[in-house]
Undergrad: 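The structure follows.
First the proteins, then the strands, lettered A, B, ... as listed; each starts at 1. Source: prediction; values computed, not measured.
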Protein chains: 2
Amino acid sequence: MNKKITINEIAKIANVSKTTVSRFLNQKFENMSQATKEKIERTIQEYDYQPNRQAQTLKTQSSLTIGISVADLSNLYTSRLLKGISQTFQDTNYQLLIMDADNHQEREINNIQVLLNENVDGIILQPLSHIPSQYQLLVDQGLPVIQVDRYVEPFTFPAIVSDNFQKSLEIADLVQAKQYEQILVLANQISGISSRMNRFDGLSNALTESNISVSLIEIDLDSDWHTKVMQFIEQPQKTAIFALNGQVLWEVVRFLQKNQIIYPKDVGLIGYDDDNFADLIQPGISVIKQNPHQIGQTAAKYLLDQLQNKTPMKPQNIRIAAELELRHSL
Amino acid sequence: MNKKITINEIAKIANVSKTTVSRFLNQKFENMSQATKEKIERTIQEYDYQPNRQAQTLKTQSSLTIGISVADLSNLYTSRLLKGISQTFQDTNYQLLIMDADNHQEREINNIQVLLNENVDGIILQPLSHIPSQYQLLVDQGLPVIQVDRYVEPFTFPAIVSDNFQKSLEIADLVQAKQYEQILVLANQISGISSRMNRFDGLSNALTESNISVSLIEIDLDSDWHTKVMQFIEQPQKTAIFALNGQVLWEVVRFLQKNQIIYPKDVGLIGYDDDNFADLIQPGISVIKQNPHQIGQTAAKYLLDQLQNKTPMKPQNIRIAAELELRHSL
DNA sequence: GTGAAAGCGCTAACAA
DNA sequence: TTGTTAGCGCTTTCAC
């Protein structure tokens with residue numbers, strides 16, 4: 001067990017005080033002779049000295065660590081989001097403390113407490129809850145916080161999200177142009193998840209004046225969704241299905257394949273594709289592709305900016321354009 | 001900015017010394033009166049006190065943090081691996097410090113240095129390099145380290161991996177039974193990546209006595225791989241393609257679809273499917289499904305065990321069975 | 001059963 | 001231009 005060398009020993013070896021070494025570490029060269037500077041540099045090199053982070057944090061109350069809490073670690077959207085964040089912080093001094101809420105609100109609260117307790121300098125949060133009071137402890141801390149993918153209303157922190165509402169307007173246009181008569185929106189529980197609500201609301205709002213009906217089935221809450229979907233498809237009206245996220249889209253495709261329902265003949269199909277797999281499935285499925293990597297990058301950039309300039313950012317929604325890719329299914 | 005309450009203030013409020021509070025925090029109740037115990041408990045509750053992690057670490061030299069360095073954060077294999085690790089540590093006091101090497105060796109080295117510098121108590125490593133000397137600094141530290149997905153030879157640390165070699169033996173049997181005459185193995189660079197090498201070696205070894213030829217194309221190193229694959233397919237021999245990981249499998253499927261090459265008629269196809277998407281593609285593709293979640297869990301469990309029992313683990317390979325799912329493509 | 005005091009490795013105010 | 005000193009929040013030895 002290699003005991004690590006400390007600032008004291010470096011100071012002793014270089015024949016200076018530890019203050020001077022500390023000045024060197026923090027690049028305060030204004031009043032330092034070239035000689036001592038070089039002497040310290042050499043010693044640090046030679047002994048491969050790295051300052052102890054905990055001691056630095058304890059003293060300065062700044063951990064140079066960014067806390068992240070994601071809703072669910074195990075999907076590609078999250079991976080790409082994290083990649084974007086990670087790349088942006090790559091060449092800074094910040095470390096990332098990534099925590100998974102695993103879609104449980106208590107875990108998210110716990111994550112936030114742990115992150116605060118680790119004295120993180122900023123937080124990137126993919127919020128699970130839409131109840132602002134849950135995040136009161138973040139507000140109290142006055143820490144820089146950026147939301148990603150979703151936001152909590154009323155706005156307390158800036159949020160980097162996809163242009164969910166806008167994309168649904170485009171889908172509404174399409175659906176009208178193609179003369180569909182009813183739309184079935186399939187989703188995981190949407191209540192409180194701003195991204196999903198925006199996707200649904202965009203469509204409903206745009207079609208409210210039309211005579212196209214919009215229905216919602218939350219497949220994770222409704223064990224009978226298979227039957228209901230079949231009923232919709234069997235009705236005489238021309239029906240389209242809109243899957244609000246990738247996971248749901250693939251479940252629907254599996255279901256349709258199993259029941260030999262052909263799209264777009266028997267039913268129209270469009271959905272979110274966070275896995276970029278839609279082009280592999282024949283016939284091609286029309287999808288909306290988000291850009292989680294850019295969402296992550298953007299969030300990280302804004303956070304970094306706040307950290308460096310100490311200027312608080314006003315709560316606002318920053319939208320990253322998703323991409324509509326039309327194929328044959330709608 | 002809510003200044004956090006410290007052990008000193010808790011002590012003052014509870015009318016005891018901070019030593020006693022510290023004893024309480026560390027559950028040293030042997031010589032503590034019920035009265036003080038309750039008094040401290042109440043005060044801690046009331047003020048929502050959480051001990052400062054940096055101070056604890058500085059003092060005890062144990063950070064209660066596990067460092068993780070993954071090869072590439074942005075694929076599902078990694079996500080599921082991390083989920084398995086994360087779930088296992090969920091109910092412990094350990095935090096996870098996750099770092100992405102982004103497939104760059106220098107980054108991995110840097111990650112390791114950062115993790116050591118953060119005084120992590122253990123490391124889970126998906127190694128990028130096969131050169132043991134790169135990891136000498138880990139050996140020197142005497143830290144518990146577990147490798148996942150891949151290993152470095154000669155063995156310095158235990159490794160949790162898929163049964164890559166064994167699965168390739170099964171594939172060799174299949175290929176012989178189906179009377180293929182040549183196998184084209186498609187991969188990303190395999191040199192030094194034990195998992196990929198094991199997959200290739202298993203197949204080659206099993207077929208060395210047969211008259212089935214085995215060829216390798218590393219598609220990320222060979223910009224001309226499309227042409228070469230076409231040449232193989234056009235040969236009179238009955239050909240099968242074996243894609244050594246998910247990403248490669250999907251690239252091959254895209255390529256075959258684009259060129260209207262039909263499997264299994266024109267060419268047999270089997271590959272690793274870490275995304276669990278193969279069942280969506282028609283006709284069904286035969287795949288090997290790994291279990292990264294279980295690999296992560298297992299790695300975390302062994303690490304936790306070492307941490308708690310202070311017993312070093314002997315370097316060994318622990319294999320987690322992958323699953324062969326046969327469909328129509330081979 | 002409890003507390004005083006030293007010290008983990010660092011930074012920063014102040015002194016020289 | 002450099003050093004002395006105090007202290008960040010905690011644990012632990014030793015004393016009572």
Side-chain angles (χ1 to χ4, degrees), chain A residues 1-41 43-44 47-65 93 114 116-121, chain B residues 1-41 43-44 47-65 93 114 116-121:
Chain A
M1 197 68 134
N2 233 339
K3 193 82 186 71
K4 287 217 207 81
I5 196 160
T6 75
I7 197 174
N8 265 311
E9 313 179 65
I10 293 293
K12 210 157 292 167
I13 295 165
N15 233 315
V16 294
S17 78
K18 58 177 176 170
T19 311
T20 310
V21 178
S22 174
R23 288 201 185 97
F24 179 92
L25 293 175
N26 294 288
Q27 326 234 30
K28 311 204 163 157
F29 300 131
E30 308 94 62
N31 295 319
M32 196 181 297
S33 74
Q34 191 62 21
T36 39
K37 186 173 162 183
E38 278 166 11
K39 202 166 46 179
I40 295 176
E41 180 150 36
T43 325
I44 288 182
Y47 290 87
D48 197 25
Y49 165 70
Q50 307 263 114
N52 178 308
R53 288 286 293 256
Q54 279 81 25
Q56 290 184 132
T57 303
L58 184 58
K59 187 67 202 175
T60 61
Q61 310 284 17
S62 152
S63 61
L64 293 181
T65 298
N93 280 318
V114 167
L116 292 177
N117 202 234
E118 293 281 344
N119 291 309
V120 296
D121 293 341
Chain B
M1 196 67 132
N2 230 340
K3 193 82 187 68
K4 286 217 207 83
I5 196 161
T6 75
I7 197 174
N8 264 311
E9 314 179 64
I10 293 293
K12 210 157 292 166
I13 295 164
N15 233 315
V16 292
S17 75
K18 59 178 175 170
T19 311
T20 310
V21 178
S22 174
R23 286 201 186 98
F24 178 91
L25 293 175
N26 295 286
Q27 326 233 28
K28 311 204 163 160
F29 301 130
E30 308 93 60
N31 294 319
M32 196 181 297
S33 74
Q34 191 62 21
T36 39
K37 186 174 161 182
E38 278 166 11
K39 200 166 48 182
I40 295 175
E41 181 150 36
T43 323
I44 287 182
Y47 290 86
D48 198 24
Y49 165 70
Q50 307 263 114
N52 178 307
R53 288 286 292 255
Q54 280 81 23
Q56 290 185 133
T57 304
L58 184 58
K59 188 66 201 173
T60 62
Q61 310 284 17
S62 152
S63 61
L64 294 181
T65 298
N93 280 317
V114 168
L116 292 177
N117 202 233
E118 294 280 345
N119 291 310
V120 295
D121 293 340

Undergrad: Over all strands shown, is A/Q61 touching base, sugar-phosphate only, or nothing at heavy-atom distances under 4.0 angstrom?
TA: sugar-phosphate
Undergrad: Give the nucleotide from the list D/dT2, C/dG9, C/dA4 with an atom nearest to the side chain of A/M32.
TA: D/dT2
Undergrad: Take atom NZ of B/K28 and atom C1' of C/dT2, then tell me their distance rounded to the nearest Å.
TA: 15 Å
Undergrad: Given C/dT2, D/dT2, D/dT11, identify the nucleotide with an atom nearest to the side chain of B/N31.
TA: C/dT2
Undergrad: Over all strands shown, is A/T19 touching base, sugar-phosphate only, or nothing at heavy-atom distances under 4.0 angstrom?
TA: base
Undergrad: Specify the separation, in whole Å, of atom CG of B/L64 and atom P of D/dC10.
TA: 14 Å
Undergrad: Rounded to the nearest Å, what distance is computed from the CD atom of residue B/Q56 to the P atom of nucleotide D/dG9?
TA: 13 Å
Undergrad: Round to the nearest Å and state the distance from B/I7 atom CD1 to D/dC8 atom P.
TA: 13 Å
Undergrad: Specify the separation, in whole Å, of atom CD of A/Q50 and atom C1' of C/dC10.
TA: 15 Å
Undergrad: Distance check, rounded to the nearest 0.5 Å: B/Q56 atom CD versus B/L64 atom CG?
TA: 7.5 Å
Undergrad: Just by distance, no angles: are the side chains of B/T20 and B/S17 close enough, under 3.5 Å, to form a donor-acceptor pair?
TA: yes
Undergrad: Go through D/dC10, C/dC10, C/dC8 for me and flag the one nearest to the B/P51 side chain.
TA: D/dC10
Undergrad: Over how many whole Å does the gap from B/Q54 atom CD to D/dG9 atom P extend?
TA: 11 Å
Undergrad: Which nucleotide sits closest to the side chain of A/K18: D/dT5, C/dT2, D/dT11?
TA: D/dT5
Undergrad: Which of the following nucleotides, C/dC14, C/dA6, C/dC10, is nearest to the side chain of A/R23?
TA: C/dC14
Undergrad: Please report the C-alpha distance between B/F24 and B/I44 in whole Å, then the side-chain angles of each, then the deciding distance to 0.1 Å, and finally whether the side chain to side chain contact (heavy atoms under 4.5 Å, CB included) criterion is met.
TA: CA-CA 10 Å; B/F24 178 91; B/I44 287 182; 3.7 Å; yes
Undergrad: Just the rounded figure in Å: distance from P of D/dC10 to NZ of A/K59.
TA: 15 Å
Undergrad: So if I take every side-chain heavy atom of B/S33 and compare against C/dG1, D/dT1, C/dC10, which nucleotide ends up nearest?
TA: C/dG1
Undergrad: Side chain of A/T20 only, heavy atoms from C-beta on: which candidate in D/dG7, D/dG9, D/dG3 is closest?
TA: D/dG3
Undergrad: Would you please test A/N119 and A/T65 for side chain to side chain contact (heavy atoms under 4.5 Å, CB included) and show each step?
TA: CA-CA 8 Å; A/N119 291 309; A/T65 298; over 6 Å; no
Undergrad: Under 4.0 Å: is that the gap between some side-chain N or O of B/Y49 and OP1 or OP2 of D/dC10?
TA: yes
Undergrad: Tell me: CD of B/E118 to C1' of C/dC10, nearest whole Å?
TA: 14 Å
Undergrad: Mind checking A/F29 for me? I need base, sugar-phosphate or nothing, with any heavy atom below 4.0 Å counting as a touch.
TA: nothing
Undergrad: Is the distance from OP1 or OP2 of D/dT11 to the nearest side-chain N or O of B/S22 less than 4.0 Å?
TA: yes
Undergrad: Reading DNA chain C from 5' onward, which residue's closest nucleotide shows up sooner: B/K37 or A/N52?
TA: B/K37
Undergrad: Could you walk me through whether B/Y49 and B/T43 satisfy the side chain to side chain contact (heavy atoms under 4.5 Å, CB included) test, starting with their C-alpha distance in whole Å, then the side-chain angles of each, then the deciding distance to 0.1 Å, before giving a yes or no?
TA: CA-CA 8 Å; B/Y49 165 70; B/T43 323; over 6 Å; no
Undergrad: Which sits closer to the 5' end of DNA chain C, B/E30 or B/L58, going by the nucleotide each is nearest to?
TA: B/E30
Undergrad: Is the phosphate of D/dC10 approached by B/N8 (side-chain N or O, under 4.0 Å from OP1 or OP2)?
TA: no
Undergrad: Which nucleotide in the list C/dT2, D/dT2, D/dC8 gets nearest to the side chain of A/T36?
TA: D/dT2
Undergrad: Taking any heavy-atom pair under 4.0 Å as a contact, classify B/F24: base, sugar-phosphate, or nothing.
TA: nothing
Undergrad: So, taking the atom named CG in B/N117 and the one named CD in A/Q54, what distance separates them when rounded to the nearest 0.5 Å?
TA: 8.0 Å
